[in-house]
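Taking it in order: structure first as structure tokens, then the write-up.
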2 protein chains.
Amino acid sequence: MSDLRPRRPTIVDVAAAAGVSKSLVSLALRGDPGVGAATRERIRASAEALGYRSNALARALVQGRTGQLGVVVTDLTNPYHADVALGVEEAATRHGLGALIAHGRRDPDRLATHLEAMLSLNVDGLVVVSSRVEPEVLVTCARQVPVVVVGRPEELPAGVDAVANHDAAGARRAVAHLAELGHREIGFVTTSRRPAARARHEGYADALVELDLGAERTWTVDGPEQVGVALAELLAAGCTAVLANNDLTAVALLDHAHDAGLELPGGLSVVGYDDTRLATTVRPRLTSLDQGGAALGAAAVELLGERDAGRREDRHVVLEPTLRARASTGPPSPRG
Amino acid sequence: MSDLRPRRPTIVDVAAAAGVSKSLVSLALRGDPGVGAATRERIRASAEALGYRSNALARALVQGRTGQLGVVVTDLTNPYHADVALGVEEAATRHGLGALIAHGRRDPDRLATHLEAMLSLNVDGLVVVSSRVEPEVLVTCARQVPVVVVGRPEELPAGVDAVANHDAAGARRAVAHLAELGHREIGFVTTSRRPAARARHEGYADALVELDLGAERTWTVDGPEQVGVALAELLAAGCTAVLANNDLTAVALLDHAHDAGLELPGGLSVVGYDDTRLATTVRPRLTSLDQGGAALGAAAVELLGERDAGRREDRHVVLEPTLRARASTGPPSPRG
DNA sequence: GTGAAAGCGCTAACAT
DNA sequence: ATGTTAGCGCTTTCAC
């Protein structure tokens, strides 16, 4: 660092300025009741005058805890993930903790690197907003600090907590909504085969049976680009409504439907999942399931707190999503 | 922390296991050439066996630098801001540094709190992705570590560097694009009066003169909700194209135009700014100006590096945005 | 090539 | 009510 930047003052400097010992400075500045009012004021004034700022590193070193939570997110540009991070941050603040956020870019290696970095920064707990972290990595982390995964990884090792959205319930909710509107032939289109998508599919299939609707019709495609094919088949199969595995897929369906000249939502009703910003931007506004990212983040912090308080057995929390009904769903138009 | 979590091993433990002094462990593990090959291997093995992980806090305390950059962002849910954070992180990695991200939620107080927290964590530099931080706060920060602001604050105090997108050039580029398509009456709609929006307006007005187009017509409204009014007036005034201060405003224009039954882009061409995910999602796809968030972030890290290397005078870097032409702009349809 | 000792800035027992 | 003394885990002279 350039030598022109002045060395920052320490408690020793403040102590000298106030004419007391450094321990007294430490006590006074942290509001210890056993410090004389006059002395305290003198110390506070000297600290102020010197522009003293306590060194969190030194404190953390001696106390053995940093007061910081680490949040490692798969993809910050995904608003849902950003929401979870936000929820963690907010809850952490309420617990008197800070939150450090890192971005993994959907890359398991990068995620592992960040977790490693957070560990060596001695965070007091770790929130992993990703289902792509290797189980072994999670185990390593959990040996050092409490860890909670937000989402649905393929495999969740013992020793780490989890909080997830109830994907199956969300999908059931979507199907019920469509059924209420009068739809009976409802399709499911997914661009993912990961656990969350599988759970959503399961809820969808169950709901069809429960509500005595038409047969299950599922399309698994490799990306939003291939959604067009699914749409064509879906319409040919007589579906009047479709549940997508997420908003991106739903928007792709909407797009293709629009291109095909379909009347929306009469010709086709579409439900997304995640309730991202997309949902309230596209035309027609997309009906979607809100995972409640902030609540998930807050729940994660709760779990960390419990661990810290001594809990030993693992906990897996599941939160109910909320349906946000918008213009992309409506009664089917009468068939000609 | 629960007492069951084993104390993590330190160099002392490794030293004991390898039968050497702790200083030698320190040297060996950091690859100091002056350590015997056999000893080095023995130490490495013991460290491995114990699962030793160096404590970044302790190192930082003695070295006086943490190797971490602090990134404080106004709004992480804004993909543009997330992009900048990404760019910083990537560039930091290249420089062998880490990046800690914090979220300010558009709240100057919260931003200040986070900056404060980062300072007491002794970050080696600060990237402020926000134009809402109080100048005094920036000055305080800059007294401790190099600071660079990404964006256009109302006021930029001496001692802090800045990197910004060339807003005026971007707006000029947009007007030129519209002019090439044959538009002559081009409006400007903004939902902000902040410096970035003002710079964009300036570029817009200059371009109209330079290209000898119709008169300047500007609407300043208080939010995307009021864009409808602006649209009506704009059409009544004979505009065939409009530049918005950002994508959100542009999308609102698109929406209202759609509701009004206008043919797009024939009836109205719209250009946004920021090239967010919205741009490639809405119909028609939005022509927009890409600030190049990642590049801005990388530039910020460059500036921090220069400061660290001893530069004393302030630098303000300006980067050219790129026009992404899409379906929301096209030739005006012949007037009836 | 290796070890001993000092100290980064702070907190926490333990004096006084 | 205030001061003294040890460290926290690491790096860094400076001896050997």
Side-chain angles (χ1 to χ4, degrees), chain A residues 1 5-44 46-47 50-68 119-124 144, chain B residues 1 5-44 46-47 50-68 117 119-124 144-145:
Chain A
M1 199 61 43
R5 220 169 282 277
R7 189 183 68 81
R8 79 188 228 191
T10 74
I11 39 171
V12 178
D13 301 318
V14 177
V20 295
S21 80
K22 64 172 189 163
S23 14
L24 206 48
V25 174
S26 175
L27 291 174
L29 258 29
R30 276 175 303 144
D32 187 292
V35 179
T39 326
R40 140 164 302 131
E41 197 34 56
R42 196 149 38 88
I43 292 175
R44 227 188 267 290
S46 312
L50 289 171
Y52 169 77
R53 177 191 306 283
S54 97
N55 184 332
L57 255 46
R59 196 211 330 279
L61 185 58
V62 54
Q63 293 195 145
R65 47 155 56 233
T66 51
Q68 298 286 333
L119 282 181
S120 64
L121 281 172
N122 290 20
V123 293
D124 295 336
Q144 311 253 354
Chain B
M1 198 60 43
R5 220 169 281 279
R7 191 182 65 82
R8 77 189 229 191
T10 74
I11 39 171
V12 179
D13 302 318
V14 177
V20 295
S21 79
K22 64 172 186 163
S23 9
L24 206 48
V25 173
S26 174
L27 292 173
L29 258 28
R30 276 175 304 140
D32 188 293
V35 178
T39 327
R40 139 163 304 129
E41 198 32 57
R42 195 150 39 89
I43 292 175
R44 227 188 268 288
S46 314
L50 289 171
Y52 169 77
R53 177 190 308 281
S54 100
N55 185 333
L57 255 48
R59 197 211 329 278
L61 185 58
V62 50
Q63 292 194 147
R65 49 154 59 233
T66 51
Q68 299 287 332
L119 282 182
S120 65
L121 281 172
N122 288 22
V123 294
D124 294 337
Q144 310 252 356
V145 296

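All values below come from the heavy atoms of this structure, side chains included, with hydrogens, waters and symmetry mates left out. Each chain gets a letter, A, B and so on, in the order the sequences are listed, and its residues count up from 1. The structure displayed is predicted, hence computed values, not measured ones.
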**side-chain contact (heavy atoms from CB on, under 4.5 Å) partners of Val12(B), counting only residues at least two apart** = Thr10(B), Lys22(B)

**Message:** I'd like to check Tyr52(B) versus Val25(B) (side-chain heavy atoms, cut-off strictly below 4.5 Å). Are they in contact?
**Reply:** no

**Prompt:** Leu57(A) CG to dC10(D) P: how many Å, rounded?
**Reply:** 13 Å

**Asked** Listed by chain and number, what are the side-chain contact (heavy atoms from CB on, under 4.5 Å) partners of Thr66(B), not counting sequence neighbours?
**Response** Leu57(A), Ala60(B), Gln68(B), Asn122(B), Asp124(B)

**Asked** Rounding to a whole Å, what distance do you find between Asp32(A):CG and dG3(D):P?
**Response** 14 Å

**Item:** Results of salt bridge (Lys or Arg N to Asp or Glu O under 4.0 Å) for Arg30(B) - residues two or more places apart only
**Value:** none

**Item:** Counterpart residues, side-chain hydrogen bond (donor to acceptor under 3.5 Å, both in side chains), relative to Ser23(B) (two or more places apart)
**Value:** Ser21(B)

**side-chain hydrogen bond (donor to acceptor under 3.5 Å, both in side chains) partners for Asp13(A), two or more places apart** = Arg7(A)

**Item:** Sequence-distant partners of Leu61(B), side-chain contact (heavy atoms from CB on, under 4.5 Å), two or more places apart
**Value:** Asn55(A), Ala58(A), Leu61(A)

**Residues forming a salt bridge (Lys or Arg N to Asp or Glu O under 4.0 Å) with Arg53(A), sequence neighbours excluded** = Glu116(B)

**Message:** Distance check needed: dC8(D) P versus Asn55(A) CG, whole Å only.
**Reply:** 18 Å

**Request:** Starting from C1' on dC8(D), measure out to CZ on Arg59(B) and report it in whole angstrom.
**Result:** 15 Å

**Item:** Most 5' of Leu61(B) and Gly36(B) on DNA chain C, judged by nearest nucleotide
**Value:** Gly36(B)

**Prompt:** Rounded to the nearest 0.5 Å, how far does CZ of Arg8(B) lie from OG of Ser120(A)?
**Reply:** 7.0 Å

Which donor-acceptor pairs under 3.5 Å do the side chains of residues 37-44 of chain A make with protein atoms, sequence neighbours left out?
unit_1: Arg40(A); atom_1: NH2; unit_2: Asp32(A); atom_2: O; d: 2.6
unit_1: Arg42(A); atom_1: NH1; unit_2: Ala18(A); atom_2: O; d: 2.4

**Message:** Reading DNA chain C in the 5' to 3' direction, which nucleotide is the first one with an atom under 4.0 Å from a heavy atom of chain A, and which is the last?
**Reply:** dG9(C) to dA12(C)

Grab the N/O contacts between the protein and nucleotides 12-16 of chain D below 3.5 Å, and write none if there aren't any.
unit_1: dT12(D); atom_1: OP2; unit_2: Arg30(B); atom_2: NH1; d: 3.2

**Prompt:** Rounded to whole angstroms, how far apart are CD1 on Ile11(A) and C1' on dG3(D)?
**Reply:** 13 Å

**Prompt:** Quick one: bend of the helix from dG1(C)-dC16(D) to dT16(C)-dA1(D) from 5 pairs per end, to 10°?
**Reply:** 40°

**Asked** If each of Ser21(A) and Val12(B) is mapped to the nucleotide of DNA chain D with the nearest heavy atom, which maps nearer the 5' terminus, i.e. the 5' end?
**Response** Ser21(A)

**Asked** Can you name the residues that form a side-chain hydrogen bond (donor to acceptor under 3.5 Å, both in side chains) with Ser54(B), not counting sequence neighbours?
**Response** Arg59(B)

